[in-house]
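Values below: all heavy atoms of this structure, side chains included; hydrogens, waters and symmetry mates excluded. Just so we're on the same page: letters track the sequence lines, and every chain starts at 1.
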Number of protein chains: 2
Amino acid sequence: MQISMKCSIAVHCLLFIHEAEGKFKITSSLLAESTGCNPVIIRNILSSLKKAGLITVARGTGGAKLCADPSKITLYQIYNALEPDGLSTLIGIHPCEERKCPVAQNIRHVLENPYNKIKDSIKQTMESVTLQSMIDDFDTLVTSKNA
Amino acid sequence: MQISMKCSIAVHCLLFIHEAEGKFKITSSLLAESTGCNPVIIRNILSSLKKAGLITVARGTGGAKLCADPSKITLYQIYNALEPDGLSTLIGIHPCEERKCPVAQNIRHVLENPYNKIKDSIKQTMESVTLQSMIDDFDTLVTSKNA
DNA sequence: ACAAGATGTAATGTCAATAGTTACATCTAT
DNA sequence: ATAGATGTAACTATTGACATTACATCTTGT
């Protein structure tokens, strides 16, 4: 598994919701139109974000809203909401513990430290990025283009 | 693409080569036996490591040897030898630039910074891990088990 | 009450990437 | 020359990401 498009789509949705909130009702088909992917994909992603407490989605009537301060929402929270196994599946190790060779029996243990370090550094970096910072970047981009 | 098993297999091979070097001839079928994967997979991985200047493989007669100081070989070098596109394919962004929505037009740019940060942090962490440090960990493990 | 429009989710299909396998050409020491 | 090894292309299998269809469920307006 990689850090998949789901994550970028999720950020896209959150950004969209923030920009449009209060102006019009944000439905999954609207977000599908903006992101270029299927409404079901959107609904699944929104569902994950909802479970993580980042947004609310009104059943029946429809409409998504942020339910947390954008400066409190980190990229890691978003990623984690979408990928339940977190970063554990990002790195693969070949299975070979059952073999006689002492290298085979210990390789997993040897790789544990480096791989955990990598995951921790990804986590830390993701935690340092807030939705607010991305909103700011977006706003700067848009206003500079209109100037 | 993820950080695939190729990487762990490569470390396995390098560790094996270091431990066995001088004791007996290290062939691809021997490494296949130790890692539990196909000799062709091994040969492809060794071929990549060879191109990166980390090992030599004797044609015809067979036998792999390290050709760099283990303390100078980093995990990043190993990873990079195997994955020509480096970390660029680790993170996916959904394609949507052609759409009307301003969010769609700018999302890629907004994500550029955070995603580059992530890649850089992975790279830095990988560069901080040397083959020597993994050899040391391995030796410690083996001697402590025999004690 | 009920129709319209929205979400929630299961089931299925498609495609690309990873990994495994076979096959064979090539090389080197004996 | 032959035995044993590497180098690589070609093919298959499997897995995971993503798309799509279908349908149940919910809420509001009438």
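- The main-chain N or O of A/Val129 is never found under 3.5 Å from a side-chain atom of A/Ser133 such that the two would form a donor-acceptor pair.
- When rounded to the nearest whole Å, the span between CD1 of B/Ile41 and C1' of C/dG20 equals 6 Å.
- Atom-to-atom, CG of B/Leu46 to C1' of D/dA5 comes out at 12 Å; the value is rounded to the nearest Å.
- Of the side-chain N and O atoms in A/Lys50, none sit less than 4.0 angstrom from OP1 or OP2 of C/dT7.
- Distance B/Glu83 CD to C/dA17 P: 12 Å, rounded to the nearest Å.
- No side-chain heavy atom of B/Thr35 sits less than 4.5 Å from a side-chain heavy atom of B/Phe16.
- Residue B/Leu30 contributes atom CG, which lies 15 Å from atom C1' of D/dT6 at whole-angstrom precision.
- Side-chain atoms of B/Val40 lie closest to C/dT21 of the nucleotides D/dA5, C/dT21, D/dT20.
- For the pair B/Gly60 and A/Ser47, both in contact range of DNA chain C, the more 5′-proximal nearest nucleotide belongs to A/Ser47.
- Closest-nucleotide positions on DNA chain D for A/Arg43 and A/Ile9 were compared, and the one nearer the 5' end corresponds to A/Ile9.
- No side-chain donor from either of B/Glu83 and B/Ser48 sits under 3.5 Å from a side-chain acceptor of the other.
- Rounded to whole angstrom, the span from the CG atom of A/Leu31 across to the P atom of C/dG8 amounts to 12 Å.
- Atom pair B/Met5:CE and D/dT15:P shows a separation of 11 Å (rounding to whole Å applied).
- In this structure, A/Arg59 atom CZ and C/dG8 atom P are separated by 6 Å, rounded to whole Å.
- Following rounding to the nearest Å, A/Ile45 (CD1) and D/dA19 (P) show an atom-to-atom distance of 9 Å.
- Formation of a donor-acceptor pair under 3.5 Å by the A/Asn116 side chain with backbone atoms of A/Glu112 is found in this model.
- Panel note: side chain B/Glu97, backbone B/Ala104; no donor-acceptor pair is recorded below 3.5 Å.
- Taking only side-chain nitrogens and oxygens, B/Ser28 comes nearer than 4.0 Å to OP1 or OP2 of D/dT6.
- Between B/Lys51 and B/Gly62, the residue whose closest nucleotide on DNA chain D is further toward the 5' end is B/Gly62.
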